[in-house]
Undergrad: 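I have a structure here, written as structure tokens, and I will follow up with some questions on it.
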Amino acid sequence: METICANKDKTLKYIIGFLVLIITVITFSPLLNFGFVMGDDVEFFYNSNVKFWHSISKTYAQGTGRFYFLLVDWIYFLPYQIDAPWFYHLMRILPVIVSLILFVWLIKRATKNDYVWMLALLVFCACFQINGDASAVTSYPFYFSFASVLILTSFHLLFNYFDGRRYWNLILSAIVFAFASCFHESLLLYYIAFFLLIVYRYNIKTIFQRDNLHKFLKELAPYIILGVIYLTAYFLYSAAHPSKYSGNQLASQFSLMTSLNILNSLVLHTLPLSAFFEYRTFLVDYSSSVHTDYSLWFFLRDASSVSYIKAVLLAAVLYIIIERSNINGKMKKPVWMFILSIFLIILPHIALTLSNKSYSTVPIYYVSTFFSYFGVVLLLLSIVLFCVNLSDKPVVKKVLSACFAVSLGVVSLFIQYANERVAYDNKISNDRFRVLDDFFDSADIQAYDVLYLKDFDNNPTYGGKGLTYQKSASVKAYLVAKHGVELKGYKDYDELYTAYSGSTKAIKILFFSQAAKSEDAIISIVKCNGNNLPEHLEDLRTDSIFVGYYSAYKNFAVSISSDTLSPLAINNIVMSSVGSSHFANIKSYKHDVKTLFTIKGCDMAPKTLTVSNVLYKDVAVIGIGRYPRRYDSVNCKSWKRTIKRDAGWTRHVEELSEKRGETFEESLTNTARWMTYTTTR
């Protein structure tokens, strides 16, 4: 009987493990949509050439007064060493997953319970929030999340020592953490967590006895020595190179209330659902749903099926695990877990509450938020374990278990929904770089060309402002790093006009715009000489515009204005016009997302060029691109069926066949083919 029960328990663990894996994959899947988040990310991409790492690290170190950049700044550039999406995503997601694995392994070592670590993992998955700002998960890929791996590794080495292994484990723990603290000075505060863990092993009443005190100081010594070395190097270097960065400058006028306000803001936005409520306006305004409002029912309707699948699976697995994760009614561990969680939530943020940067603008999120997530998981885990052990009555325990499971399932639903929307928003904001890559060769952009690029700063997405408005996020820098082409890029038209208005230098003006809720984007380029530049960009006129439209829609409308009544043509096909307004419906036969075409005519105003997925009525269609295989046969058959179902149309084809001396089938085929290539459905 015991063998049967053991086998059943083992099988259940495998099933639970498989479901937990599915939940974890769903949790992290939105990260695959992320590209650059901050202008800093573009700057690191630009500076990622191995040849310049040392000089760049030295510049960053001296500019911020941070000696540790000389040691670790090169890690910022690792995600860009292989120019492939899979590698960039791997560098972002892998250290986060490794951190999670190390964290739940710590829980398992501390509780000696096979179910509690899975409970911790599920709580993390339920509460894992993604934001599209300065984050250790989305922006600065690998750098801060790798620091988290090092910190958790140092905790494991300390636990090795606690488990009776040799003293060198503790020394190595101190060394690994000292290296991790070189990623950001705020991480120094984790020394308090190490101190608490070491103190926890002793009886406070006997800790000052000679033997215990000697052992206690011996255990603290490596951390104290390395911490003092770090602080000495930091202050000596910052004295030699005063910081020009407000982020590590102490507030000029300290205020306890301001610091507490900053800490309150950061801690609150670490807690579950904080991101959902922070993004609530964005989730409604940028929704593609027809009916939008700000009630929770709207979000329940708008949430994806994947979010619901995760929520249901998580609630079901949580209930099973909570039922089996009893630690025999011992309250000591949940209480200590609760105390430690409070420290872990608060510690990463304390340094920020003293900085000039935070005083000028109270931060909502920062990279430290990721480090607090583990404290939040411990907090919720301690509450769950404490409450389900309050009563020995099975019915009460089941009710409490069900309440926690359902509550976290609902929390997971809203957080996953917000994560997916934030990730998609970032994907759209990054489409400008993908569009530029596709357009680059077609537009014949050469080294040392003079380009006007300001339109690339016009980012309509909710979270894209930090990407394009930072000075470091220049398209010029991106093109140099991506394509190895040195350009003279201008974002100020007045500056461009002043520099080249009296020359014959070839100038290329790039116009760009994109949709806020979809991946549609339009890019165009106008070539002219410097002496043809008008004083104001709105007055620019041209006889030729090269256009790229990026959309999943293959039927779209194009319009543009000119200063004359002369006809305009798209790929040598004349557009319809009313006065000086010209328009056409386009049908793209391209297999990919982009459609390229050229508009030619006299005195066109490129600023008036628009593209819409709403077609013009009774306007002929211009076909662009090669027809797909079987396009003719499939569409002709479809139109034949349509014609035969219409009695009046059928009589018209019969009359046409008699007039032309054709068989009915020949006239039907010719009519169907004409409809195929001149109209849209």
Side-chain angles (χ1 to χ4, degrees), residues 288 290 515 518-520 522 544-562 564-602 604 608-681:
S288 57
V290 176
S518 70
E519 298 177 53
D520 291 5
I522 179 171
S544 179
I545 304 175
F546 184 60
V547 183
Y549 181 55
Y550 294 76
S551 174
Y553 297 98
K554 301 305 179 185
N555 301 317
F556 54 92
V558 177
S559 68
I560 190 170
S561 297
S562 67
T564 69
L565 299 178
S566 301
L568 305 184
I570 294 179
N571 290 1
N572 298 319
I573 300 176
V574 176
M575 302 173 65
S576 300
S577 62
V578 175
S580 60
S581 298
H582 309 267
F583 42 90
N585 291 328
I586 302 291
K587 186 171 186 177
S588 175
Y589 304 108
K590 299 283 289 183
H591 290 273
D592 57 18
V593 74
K594 71 179 176 183
T595 302
L596 303 176
F597 55 93
T598 301
I599 307 176
K600 291 187 176 182
C602 295
M604 291 183 290
T608 65
L609 175 66
T610 61
V611 177
S612 171
N613 292 320
V614 179
L615 302 181
Y616 294 110
K617 185 179 181 181
D618 300 327
V619 172
V621 174
I622 298 175
I624 293 179
R626 292 189 311 169
Y627 301 124
R629 196 159 52 97
R630 295 188 299 274
Y631 177 86
D632 185 276
S633 60
V634 171
N635 279 274
C636 281
K637 287 180 181 178
S638 176
W639 276 113
K640 284 181 179 180
R641 288 194 296 270
T642 302
I643 294 169
K644 287 181 177 180
R645 284 195 292 267
D646 189 310
W649 204 344
T650 302
R651 283 195 301 272
H652 173 72
V653 173
E654 289 174 346
E655 292 171 359
L656 199 62
S657 65
E658 292 177 2
K659 185 185 298 184
R660 294 179 176 177
E662 300 174 336
T663 64
F664 173 79
E665 192 62 32
E666 287 174 339
S667 291
L668 181 63
T669 300
N670 291 334
T671 303
R673 183 169 286 114
W674 184 84
M675 294 298 296
T676 296
Y677 295 107
T678 59
T679 60
T680 58
R681 289 185 179 273

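Values in this document were obtained by computation on a predicted structure and should not be read as measured data. For this chain, numbers begin at 1 and follow the sequence in order.
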Undergrad: As an exercise, state the distance from OH of Tyr616 to OG of Ser576, rounded to the nearest 0.5 Å.
TA: 10.0 Å
Undergrad: Without swapping roles, check the side chain of Asp520 against the backbone of Ala515 for a donor-acceptor pair under 3.5 Å.
TA: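 Side chain of Asp520 to backbone of Ala515: no pair is present.
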Undergrad: So Ile622 and Asn571, do their side chains get closer than 4.5 Å, heavy atoms only?
TA: no
Undergrad: Is there side-chain contact between Ile599 and Met575, with heavy atoms separated by less than 4.5 Å?
TA: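 They are in contact (side-chain heavy atoms under 4.5 Å apart), so the answer is yes.
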Undergrad: What distance separates Leu568 CG from Ser581 OG, expressed to the nearest 0.5 Å?
TA: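 So the CG of Leu568 and the OG of Ser581 are separated by 10.0 Å.
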Undergrad: Just so I know, are the side chains of Leu668 and Lys644 near enough to count as touching, which here means a heavy-atom distance under 4.5 Å?
TA: yes
Undergrad: Kindly indicate whether the side chain of Phe597, heavy atoms from C-beta on, has any atom under 4.5 Å from the side chain of Val558.
TA: yes
Undergrad: Just verifying a value: how many Å separate Ser544 OG and Met604 CE, rounded to the nearest 0.5 Å?
TA: 6.0 Å
Undergrad: Measure across Ala584 and Val619 and return the closest heavy-atom pair with its distance rounded to 0.1 Å.
TA: CA-CG1, 4.1 Å
Undergrad: Minimum heavy-atom separation for Asp646 and Trp649, please, with both atom names.
TA: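 Taking Asp646 first and Trp649 second, the nearest heavy atoms are OD1-N, 3.0 Å.
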Undergrad: Check whether Thr663 reaches the backbone of Ser657 with its side chain - one donor and one acceptor, N or O, closer than 3.5 Å.
TA: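 No, because the side chain of Thr663 does not come within donor-acceptor range (under 3.5 Å) of the backbone of Ser657.
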Undergrad: With rounding to the nearest 0.5 angstrom, report the CD to OG distance, Glu655 to Ser667.
TA: 11.0 Å
Undergrad: Less than 4.5 Å apart, side chain to side chain, heavy atoms only: is that true for Ile586 and Tyr549?
TA: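 Heavy-atom side-chain distance check fails, nothing below 4.5 Å.
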Undergrad: Just wondering, do Val653 and Phe664 contact through their side chains at under 4.5 Å, heavy atoms?
TA: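 Phe664 reaches Val653 side chain to side chain.
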Undergrad: Of all the heavy-atom pairs spanning Leu609 and Val547, show the shortest one and how long it is.
TA: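 It is CD2-CG2, 3.8 Å.
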Undergrad: If you take all heavy atoms of Asn613 and Asn555, which pair is closest and at what distance?
TA: OD1-O, 4.0 Å
Undergrad: Does Thr608 reach the main-chain N or O of Ser561 with its side chain, forming a donor-acceptor pair under 3.5 Å?
TA: yes
Undergrad: Heavy atoms only: give me the nearest Ser580-Leu565 pair and the separation to one decimal.
TA: N-CD2, 3.9 Å
Undergrad: Give me the one residue out of Lys640, Lys637, Glu662 that meets side chain to side chain donor-acceptor pair (under 3.5 Å) with Thr669.
TA: Lys640
Undergrad: Restricting to non-hydrogen atoms, name the atom on Cys602 and the atom on Thr564 that form the minimum distance, rounded to 0.1 Å.
TA: O-OG1, 3.7 Å
Undergrad: Hey, could you give me the CZ/CG distance between Phe546 and Leu596, rounded to the nearest 0.5 Å?
TA: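 One gets 4.5 Å once the value is rounded to the nearest 0.5 Å.
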